[in-house]
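First up is the structure itself, then whatever we jot down about it.
Throughout, residue positions are numbered sequentially from 1 according to the sequence presented. Side-chain atoms are counted along with the backbone in the values below, which use heavy atoms only and exclude waters and symmetry mates.
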Amino acid sequence: RFQRLDFVYLNAGIMPNPHVNFKALWHGLLTGKVLHMLTTAEGIMTQTDRLNGDGLQEVFATNLFGHFILIRQLESLLCGNEKPSRLIWTSSSNARESAFSLSDYQHAKGQESYSSSKYATDLTSLIINRKFNNQGLYSSVVCPGLVMSNMTYRILPVFVWKLLMPIMWLIRFFAKTYTLTPHNGAEAHVWLFKQKPEYLDPLVKYHSCTSGLGKSYVEPRKMDVDGETAEKFYQKLLELEKQALERYSDLLD
């Protein structure tokens, strides 16, 4: 049906069995780091991951690898067009280098699989830009902020979120990434749709933000990623893709 694709939004994500580390949260209160922890979930959010039916870590497969396979399969529609094609990934401020390891890039041995998968997303976006910009394919990453979604409601019981909501509205005066609604969280996604990709910085993540008075805007922030790690990770993704395609070659034929 299509000869080209102008935009592909890569937004699938899961955070199975999330747990709040209340001890770490209390420590953050005592050390004055609580606002940083509440806006990034650093140190206070853990998950229990599992293998999926393909033998891959479920969070890695859902949040990143499935997208990667999709991009590779659509490469002919994304590259070499008269107008640039765009990939826009939903990443997170929870993406941290400390949660990611090249030797365990699926995060089978840790408890921060969500953070690891989002950091892996940032690396993937960077290397796609380096390899495919000259073919007209550009990649960007966004953070929607803290949005009250089905994923968020799994962290704490719904009634607790209802009780916390007035406090969260107040926190937004200090933590602008508390976008809270899907409409506010989509601000960066929509903003990127209107930009010329040639002028965007591949090392920047675009954050949806909302002021205390409810005004939505976009804030660019530099990512803590480097090209060498991104290149090594990209090669590992290609190897894993090869194994996956060989396993399901009969379906693809």
Side-chain angles (χ1 to χ4, degrees), residues 10-25 27-28 37 40-73 87 89-128 131 139 141-144 146 149-156 205 223-252:
L10 303 162
N11 189 53
I14 57 171
M15 186 194 293
N17 305 309
H19 303 284
V20 177
N21 186 334
F22 289 101
K23 182 179 179 180
L25 184 60
H27 183 263
M37 295 172 74
T40 64
E42 181 175 344
I44 63 173
M45 189 65 61
T46 61
Q47 303 89 43
T48 304
D49 202 1
R50 63 185 181 184
L51 293 177
N52 66 9
D54 299 315
L56 304 172
Q57 293 299 132
E58 190 173 41
V59 174
F60 164 81
T62 305
N63 294 7
L64 174 68
F65 190 58
H67 295 134
F68 182 77
I69 291 284
L70 177 65
I71 293 165
R72 294 278 293 167
Q73 292 294 307
L87 303 174
W89 304 75
T90 299
S91 183
S92 172
S93 58
N94 187 236
R96 297 197 323 280
E97 182 182 16
S98 60
F100 177 81
S101 170
L102 278 173
S103 61
D104 182 28
Y105 61 88
Q106 293 194 43
H107 205 76
K109 301 176 183 177
Q111 291 187 306
E112 296 183 88
S113 53
Y114 184 82
S115 177
S116 174
S117 71
K118 294 303 182 180
Y119 187 79
T121 296
D122 297 347
L123 290 173
T124 304
S125 179
L126 174 62
I127 199 63
I128 286 175
K131 291 186 175 297
S139 180
V141 285
V142 305
C143 172
L146 178 62
S149 65
N150 289 337
M151 184 183 293
T152 316
Y153 283 126
R154 292 193 187 101
I155 299 173
L156 294 169
K205 182 180 297 181
M223 296 188 292
D224 183 21
V225 292
D226 70 272
E228 183 178 350
T229 303
E231 177 63 47
K232 291 178 180 178
F233 179 54
Y234 183 73
Q235 295 305 316
K236 291 181 179 293
L237 287 177
L238 292 178
E239 293 171 10
L240 190 62
E241 178 204 26
K242 182 180 179 182
Q243 296 171 17
L245 294 183
E246 288 176 351
R247 180 176 181 180
Y248 294 106
S249 59
D250 55 331
L251 296 178
L252 293 171

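- Residues Asn63 and Phe65 fail the side-chain proximity criterion, which asks for heavy atoms closer than 4.5 Å.
- In this structure, Ile71 and Thr124 have side chains that are not in contact, with every pair of non-hydrogen atoms separated by 4.5 Å or more.
- To the nearest 0.5 Å, the span separating CE on Met15 from OG on Ser113 amounts to 8.5 Å.
- The side-chain heavy atoms of Lys205 and Ser91, taken from C-beta on, include a pair separated by under 4.5 Å.
- With sequence neighbours left out, the salt bridge (Lys or Arg N to Asp or Glu O under 4.0 Å) criterion links Glu241 to Arg72.
- Taken from CD in Glu97 to OG in Ser115, the straight-line distance is 10.5 Å, to the nearest 0.5 Å.
- Using a 4.5 Å cut-off on side-chain heavy atoms (C-beta onward), Thr48 and Gln111 make no contact.
- For Thr62, the side chain to side chain donor-acceptor pair (under 3.5 Å) test picks out no residue, with sequence neighbours left out.
- Interatomic distance, Leu126 CG to Thr121 OG1, rounded to the nearest 0.5 Å: 12.5 Å.
- Among pairs with a residue in residues 48-57, those fulfilling salt bridge (Lys or Arg N to Asp or Glu O under 4.0 Å) read Arg50-Glu58, at least two apart in sequence or across chains.
- Judged by distance alone, with hydrogens and angles left aside, the side-chain atoms of His107 form no donor-acceptor pair with the main-chain N or O of Tyr114 at under 3.5 Å.
- With a 4.5 Å cut-off on side-chain heavy atoms, Phe60 and Asn52 do not count as touching.
- Residues meeting the salt bridge (Lys or Arg N to Asp or Glu O under 4.0 Å) test with Lys131, sequence neighbours left out: Glu231.
- The side-chain heavy atoms of Phe68 and Leu240, taken from C-beta on, include no pair separated by under 4.5 Å.
- For Ser116, there are no side chain to side chain donor-acceptor pair (under 3.5 Å) partners at least two apart in sequence or on another chain.
- Nearest approach of Arg247 to Gly55, heavy atoms of both residues: NH1-N, 4.2 Å.
- If you take OH on Tyr119 and OG1 on Thr229, they are separated by 6.0 Å, rounding to the nearest 0.5 Å.
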Exercise. Where do Ser101 and Asp104 land on the side chain to side chain donor-acceptor pair (under 3.5 Å) test, with the steps shown first?
Worked result: CA-CA 5 Å; Ser101 170; Asp104 182 28; over 6 Å; no
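- In this structure, Leu64 and Trp89 have side chains that are in contact, with non-hydrogen atoms separated by less than 4.5 Å.
- Annotation for Glu246: atom CD counts as buried by contact number, over 12 foreign heavy atoms lying within 6.0 Å.
- Partners of Asn11 under the side chain to side chain donor-acceptor pair (under 3.5 Å) rule, at least two apart in sequence or in another chain, are Thr90.
- Annotation for Leu102 and Lys236: closest pair O-CE, 3.4 Å, computed over non-hydrogen atoms.
- When side chains are defined from C-beta on, Ile127 does not count as touching Leu237, because their heavy atoms never get closer than 4.5 Å.
- Going from atom CG of Asp122 over to atom SG of Cys143 covers 9.5 Å, rounded to the nearest 0.5 Å.
- To the nearest 0.5 angstrom, Ser103 atom OG is 6.5 Å from Lys109 atom NZ.
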